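Predicted model, so just to flag it, every value in this text is computed and none were measured.
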Amino acid sequence: MKKAGILAMAVILAFAAQAALAGNKQLMSEKMAEQDLKRNIVEAVIGYKVKSESRLGLTEDPSYKAETKAAAVIKGIKVDKMIYDKEKDIALCFGHIELGDVVNVVGDLVRFKGVTVEGFGFGTMTEAARPPLMALRAALVNAHDELAKLLVGEKILSQSTMENFILTKDVNRSKVCAAIFGAYVPNPGLSSPNRGWGWDESGNAFVKLEVDARKVRDVLGNLIIYKGPNILEVTGRGSQTDELSDNPGGMVRDSGSKTKYMSIDAPTAPAQ
C-alpha cells in the first residue's frame, strides 16, 4: 500500500509538471491566426478603402506609404484547419465563409448565391517570428494599392528644374484613394499549385490579388468604367527589414482540436 501511494503521488506530480509547462503562447498564436483569417475574409468580401502616397523624385527623400481600412460586422466564418509550428511558434489558420446577402464597403447590397470565399491567417507571440509575417501583410497592403492604381488610377505630380545642365530639383509624387471589394488571393492553400502568397529566397514576401474589374468603385462610390479583362491580377511585395529609414525594424492533434503540428516554411531568423 505504501509503495502504491508513492507511485500514485509520483504520477500526480508528473502530470502537474506537464501542466505547468503548458502555457498560453500556442493558444494566443492560434487566436491571432484566426483573427487574421477573419480580417482577410472581411477585406475580400466586404472590401476596404486604400490610400497611398509616394515621393520618388531624384532630389527628394524617397518614401512610399499605403494605408488600408476595413470595418464590418460579419458572421459565418468557419475555421477549416489550424497548423502550428512549435519550433517557430507560428500558427497558420485556413477557413471559409459561405455568402448570402452582403453590404459592401460602399454601402451596396450584393446578393451572392452559393459563393464560398476561402482565406488564411497567420499569428505568433514570438518576436523573432514576426518579421516574415509582417512582410506578408505589407505585401498584401501593397497589392491592395497596386490594384487601386490599376483600376481607379493615381494622381501624379511632376516638377523638375535644370540649371546649367544640372538637375537641381526633381519632384515625382503620386496619390491614390479608392474603395475596392471582391479582391481575393488566388490558390491560398498551403500546397496549392501556383500559390498566391509566400516568400522569395531573399525573405521578401509576395501576395497576389485577383478581382473582377466590374465590381470596383472609387472612394465616392462611383462605378469605375474599365475596358479590359474582367479578371485582373496584381502582385504586392513586402520586406522584413527597413534599410532606408533611421529606425530599422527589426503537429499532434488532441481530441476535438483542428490544430495540426507541422513545420511552416517561413524565412525566420535563426535563434540567438
Side-chain angles (χ1 to χ4, degrees), residues 17-43 62-70 77 79-95 118-145 185 187-192 195-209 235-254 257-272:
Q18 290 180 1
L21 295 174
N24 61 352
K25 184 169 67 174
Q26 175 182 340
L27 300 181
M28 285 298 293
S29 294
E30 291 185 4
K31 185 64 176 177
M32 288 178 66
E34 182 179 346
Q35 186 69 18
D36 191 35
L37 160 71
K38 293 177 180 178
R39 171 174 65 175
N40 291 336
I41 286 182
V42 163
E43 289 176 341
S63 66
Y64 167 59
K65 181 179 180 180
E67 300 177 354
T68 62
K69 183 177 181 180
I77 297 176
V79 174
D80 297 318
K81 180 168 59 176
M82 182 73 74
I83 299 171
Y84 184 66
D85 187 325
K86 292 189 291 185
E87 296 297 323
K88 298 175 181 175
D89 178 39
I90 295 179
L92 172 56
C93 181
F94 291 95
E118 298 178 336
F120 65 94
F122 278 96
T124 182
M125 292 294 292
T126 301
E127 195 68 28
R130 290 191 176 186
L133 307 189
M134 293 171 65
L136 195 68
R137 180 62 188 175
L140 182 55
V141 172
N142 177 233
H144 291 330
D145 184 39
V185 178
N187 307 313
L190 190 61
S191 301
S192 297
R195 195 178 69 194
W197 60 271
W199 298 268
D200 61 23
E201 293 180 356
S202 68
N204 288 333
F206 71 89
V207 173
K208 295 180 180 179
L209 276 183
T235 300
R237 304 300 303 274
S239 177
Q240 295 194 40
T241 59
D242 186 353
E243 300 172 329
L244 302 177
S245 69
D246 295 331
N247 298 307
M251 295 185 168
V252 176
R253 295 174 60 89
D254 57 6
S257 172
K258 295 182 178 180
T259 299
K260 183 178 181 181
Y261 294 89
M262 60 183 289
S263 177
I264 298 173
D265 192 21
T268 56
Q272 299 296 325

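Residues forming a side-chain contact (heavy atoms from CB on, under 4.5 Å) with Leu27 (at least two apart in sequence, or on another chain): none. Listed by chain and residue number, Ala205, Gln240 satisfy the side-chain contact (heavy atoms from CB on, under 4.5 Å) test with Ala135 (two or more places apart in sequence, or in another chain). For Val141, the side-chain contact (heavy atoms from CB on, under 4.5 Å) criterion is met by Ala66, Thr68, Arg137, not counting sequence neighbours. Legend: residues meeting salt bridge (charged side-chain N to carboxylate O under 4.0 Å, His left out) with Arg39, ordered by chain and number and at least two apart, are Asp36. Remark: Glu87 pairs with no residue by the salt bridge (charged side-chain N to carboxylate O under 4.0 Å, His left out) rule, at least two apart or across chains. Qualifying salt bridge (charged side-chain N to carboxylate O under 4.0 Å, His left out) partners for Lys65, counting only residues two or more places apart in sequence or in other chains: Glu67.
Shown here for Val79 and Cys93, the closest heavy-atom pair between the two residues is CG1-SG, 3.7 Å. Tyr84 and Ser29 get closest at one heavy-atom pair: CE1-CB, 4.1 Å.
Arg195 contributes no side-chain N or O that, together with a main-chain N or O of Gly189, makes up a donor-acceptor pair within less than 3.5 Å.
Classification of the Trp199-Phe122 ring pair by plane angle, with boundaries at 30° and 60°, yields perpendicular.
Annotation: Asp265, atom CG; neighbour count of heavy atoms from other residues, nucleotides and ligands within 6.0 Å does not exceed 12.
Going from atom NZ of Lys81 over to atom CZ of Phe120 covers 13.0 Å, rounded to the nearest 0.5 Å.
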